[in-house]
Amino acid sequence: MWGRHSIRRYPIGNMSVRVRFAPSPTGLLHVGALRTALFVQLFARNQGGKLFLRIEDTDRSRYNPASEQEFIETLNWVGITFDEGPHVGGPHSPYRQSERKEAGIYAPLAQQLVDAGHAYPAFDTADELTEMREIQQINKQPTGYFGGKWRDATPDMVEAAKAEGKPYVLRQRVPRGIKITVEDAIRGRIEFESDTLDDSVLIKTDGMPTYHFASMVDDHLMETTHIMRGEEWVSSSPKHALLFDQFGWPRPTFIHLPVIVGSDGKKLSKRHGATRVLDYMAQGYHPHALKNFVALIGWAPGDDRESMTEAELIAAFDLRGLQPSPGKFDLEKLRWLNGHQIRQMTIDELLENLLRYVNDPYVKSYWNAPDSDGDIPNPEVWPRLERLAGAAAGDIEYFKAALALEQERVQTLADFGEALEFFLVEQPAMDEKAVKKWLTQPHVPALFEHIIANPGSTTEHYDALLRAYGEANGFEKLGPIVHPTRVALTGKTFGPGLFELMALLGPARVEARLRRALAAD
RNA sequence: GCUCUGGUCGUCUAGCGGUUAGGACAUCGCCCUUUCACGGCGAAGAUCGCGGGUUCGAAUCCCGUCCGGAGUACCA
């Protein structure tokens, strides 16, 4: 009689899609969770369905009150917003499981399961359970509660224990000797022998439901059509599917997303860049670039597109493009995508993004936070970024022109700090090596005097001036003219075109810096 | 241990019985050029984890095997 439930499949039909992102508020939002949220969002929007947020806070001991805020803020930064959730309400309120428990949603349903014989009370103590597991391990048997002394306890035993006031949990009664087949949208059919599944706790002694119970009950109550979650859940998916069957509820479609691992194939960690999504913001990544990048780990549009807009991502999203194998996080590709994103912006968009970036309090605290050794990883970054905010408040046209000259040369917003420095500081730091190589050449003083004697303010002026000087003085190539001048003006050997940069700097700065270089000789 | 699950260039991937196994990032070279980038062009890079089988033909189907990963909690 049980087999019937295990193989029955309930068509989703044309119910409209409802999907959810259901994190446990225990810590920070990391990139793996972001990817899940992103796929859920892309799927919902592609299908024209509804997307909701549910907070799975059934573990009081691990609850972190700052966490929910972190999730919402971070998701908001990347542009993932919810149709329903604890912060916006909705037809299935409340959206926090602790509140749902208080509202008495779970208890009657648990009782319903007990009455139907699909769940039973178990009075084992923590010590008894530990001992049981130890014995199982010694005997090399699977660990878990495969019946214990309470699965088949007589009503008298149960009554006696209850009368004694012993605390108890409610466990799911997994039928024996059947196959449970779970249909996973990515992996296809997954078969489990019910005998390998233990009787999980559904309701804890304090009356709080476990994930197994609360999540499935809520998914049914909230009319979830597709359960998208991390692949760490596939092992327990037969219990979840079974629970739907035991309630007589239609099973939603299960979609287990593969994990994202670091470049070494191990769990993603600080060494690979960052695990906290907000840290990518602090490092100057554009939310869309991060999204675009993360979407491409474990999913492909089916054609060769790499850089896609939000609308393209939504239009192209398809469950069939999902990959079953774990994906590695390749920071280089993220950097490329980010540079690409920066180059696609207009100057005004770029300026807006940059200003929002440098004025964000988290960016400041990120770059000033000591690492585990107590050091600031790169103490030069923040002072430079801070200077950008000040400079933009001054001559905005000058700032935008400088921004335009560096736009093609950076990969992150943070890179602008260093790239723009010589435009904003009257006496930029000099690269020692470059000074030694270029400013010591004998023709340099005369060259600089010539430039000072012929001030101008256009690219064309300096282009013509320096070319003519080179020809008149027998230089076959422009290098000996251009390089020393660049070093004197910027302190560096690389950067935007020299003539553009001179025109923007203007004759006063050009003269001051050339004189400084002459004096240093 | 047991149960699931994954395995195509360094990386992300296309591929669905017949392809010189395609693209992108990274790498290298050339072009552009005053440098660095950007952009363009090109090269190198995968006997499709390994071994059998089915087939005229296999990365694609079947079996086995190896190596990863996850789960095995009154955590999610």
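Since the structure is predicted, the reported quantities are computational estimates derived from the model, not experimental observations. In what follows, every chain begins at residue 1, and chains take the letters A, B, ... in the order their sequences are listed.
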Point to revise | Nearest-Å distance once atom P is located in both B:rA59 and B:rG52 | key: 14 Å
Revision key, fill the gap. Heavy-atom nearest nucleotide on RNA chain B taken for A:D198 and for A:R187; more 5' hit belongs to A:R187
Review point. Considering every strand shown, what is the Watson-Crick or G-U wobble mate of B:rC67 when both distances are under 3.5 Å?
Key: B:rG6
**Study point:** Counter-base of B:rU33, judged by Watson-Crick or G-U geometry with both distances under 3.5 Å
**Key:** none
Review point. NA contact type, A:V234, heavy-atom cut-off 4.0 Å: base, sugar-phosphate, or nothing?
Key: sugar-phosphate
Review point. In whole Å, what separates the C1' atom of B:rC30 from that of B:rC66?
Key: 44 Å
Check your understanding: Counting any heavy atom closer than 4.0 Å, what does A:T58 reach on the DNA or RNA strands: base, sugar-phosphate only, or nothing?
Key -> sugar-phosphate
Check your understanding: Between A:D318 and A:R320, is the closest basic N to carboxylate O distance under 4.0 Å?
Key -> yes
Check your understanding: B:rA14 and B:rG7: how far apart are their P atoms, nearest whole angstrom?
Key -> 11 Å
Review point. If you look at every strand shown and take non-hydrogen atoms under 4.0 Å, does A:R133 touch a base, only sugar-phosphate, or nothing?
Key: sugar-phosphate
Point to revise | Touch class at under 4.0 angstrom, heavy-atom based, for A:K140 against every strand present | key: sugar-phosphate
Review point. Is A:R384 salt-bridged to A:E421, cutoff N-O under 4.0 Å?
Key: yes
Exercise for review: Remember a base hit wins even if backbone is also touched, and classify A:G230 as base, sugar-phosphate or nothing at under 4.0 Å, heavy atoms.
Suggested key: nothing
Check your understanding: Checking all strands, does A:R171 fall into the base, sugar-phosphate, or nothing category for heavy-atom contacts under 4.0 angstrom?
Key -> sugar-phosphate
Check your understanding: Touch check for A:E306, heavy atoms < 4.0 angstrom, all strands: base, sugar-phosphate only, or nothing?
Key -> base
Practice item. Flag the pair A:R409 / A:P496 as yes when at least one side-chain heavy-atom distance between them is below 4.5 Å, and no otherwise. Key: yes
**Study point:** Interatomic distance at P, B:rU5 relative to B:rC25, whole Å
**Key:** 35 Å
Practice item. Using the side-chain contact (heavy atoms from CB on, under 4.5 Å) rule, pick out the option among A:D198, A:V182, A:I180, A:D199 that qualifies with A:K239. Key: A:D198
Exercise for review: Give every residue pair that meets the ring pair (Phe, Tyr, Trp, His ring centres under 6.0 Å) criterion with at least one member in residues 167-201 of chain A, sequence neighbours excluded.
Suggested key: A:F123-A:Y168
Review point. With distance as the sole test, does A:D219 use its side chain to make a donor-acceptor pair with the main-chain N or O of A:T224 at under 3.5 Å?
Key: no
Review point. In the strands shown, is B:rU27 matched to any nucleotide by a Watson-Crick or G-U wobble pair with both distances under 3.5 Å, and which?
Key: B:rA43
Review point. In whole Å, what separates the P atom of B:rA58 from that of B:rC41?
Key: 36 Å
Exercise for review: Can you tell me, in whole Å, how much space there is between the P of B:rC48 and that of B:rG22?
Suggested key: 14 Å
Exercise for review: Could you check whether A:G479 gets within reach of a base, just the sugar-phosphate, or nothing at all, counting any heavy atom under 4.0 Å?
Suggested key: nothing
Review point. Within the structure shown, what part of the strands sits under 4.0 Å from A:Q323 by heavy-atom distance: base, sugar-phosphate, or nothing?
Key: sugar-phosphate
Review point. If you measure from the C1' atom in B:rU11 to the same atom in B:rA70, how many Å do you get, rounded?
Key: 22 Å
Practice item. Could you tell me whether A:D206 contacts a base, only the sugar-phosphate backbone, or nothing, with contacts defined as non-hydrogen atoms closer than 4.0 Å? Key: nothing
Review point. Is A:R343 touching bases, backbone alone, or none of the nucleic acid, heavy atoms closer than 4.0 Å?
Key: sugar-phosphate
Practice item. Walking along RNA chain B from 5' to 3', note the first and the last nucleotide with an atom under 4.0 Å from a heavy atom of chain A, and give both. Key: B:rG1 to B:rA76
Review point. If you measure from the P atom in B:rC12 to the same atom in B:rG69, how many Å do you get, rounded?
Key: 15 Å
Check your understanding: Taking any strand in view, what nucleotide pairs with B:rU60 in a Watson-Crick or G-U wobble way, both distances under 3.5 Å?
Key -> none
Point to revise | Base paired to B:rC48 (Watson-Crick or G-U; both N/O distances under 3.5 angstrom) | key: none
Exercise for review: Pick base, sugar-phosphate or nothing for A:E500, based on heavy-atom distances below 4.0 Å to the nucleic acid.
Suggested key: base
Check your understanding: How about A:L243 and A:H212: do any of their side-chain heavy atoms sit closer than 4.5 Å?
Key -> no
Review point. Does A:R54 make a cation-pi contact with A:F21, if we ask for NZ or CZ under 6.0 Å from the ring centre and within 45° of the axis?
Key: no
Exercise for review: Name the nucleic acid region contacted by A:F499, choosing base, sugar-phosphate or nothing; use a 4.0 angstrom heavy-atom cut-off, strictly under.
Suggested key: base
**Study point:** A:F123 or A:L334, whichever maps to the more 5' nucleotide of RNA chain B
**Key:** A:L334
Check your understanding: Would you call A:K204-A:D206 a salt bridge at under 4.0 Å N-O?
Key -> no
Review point. Which part of the nucleic acid does A:T205 contact within heavy-atom distance under 4.0 Å: base, sugar-phosphate only, or nothing?
Key: base
Check your understanding: What is the pairing partner of B:rC75, taking Watson-Crick or G-U wobble pairs with both distances under 3.5 Å in any strand?
Key -> none
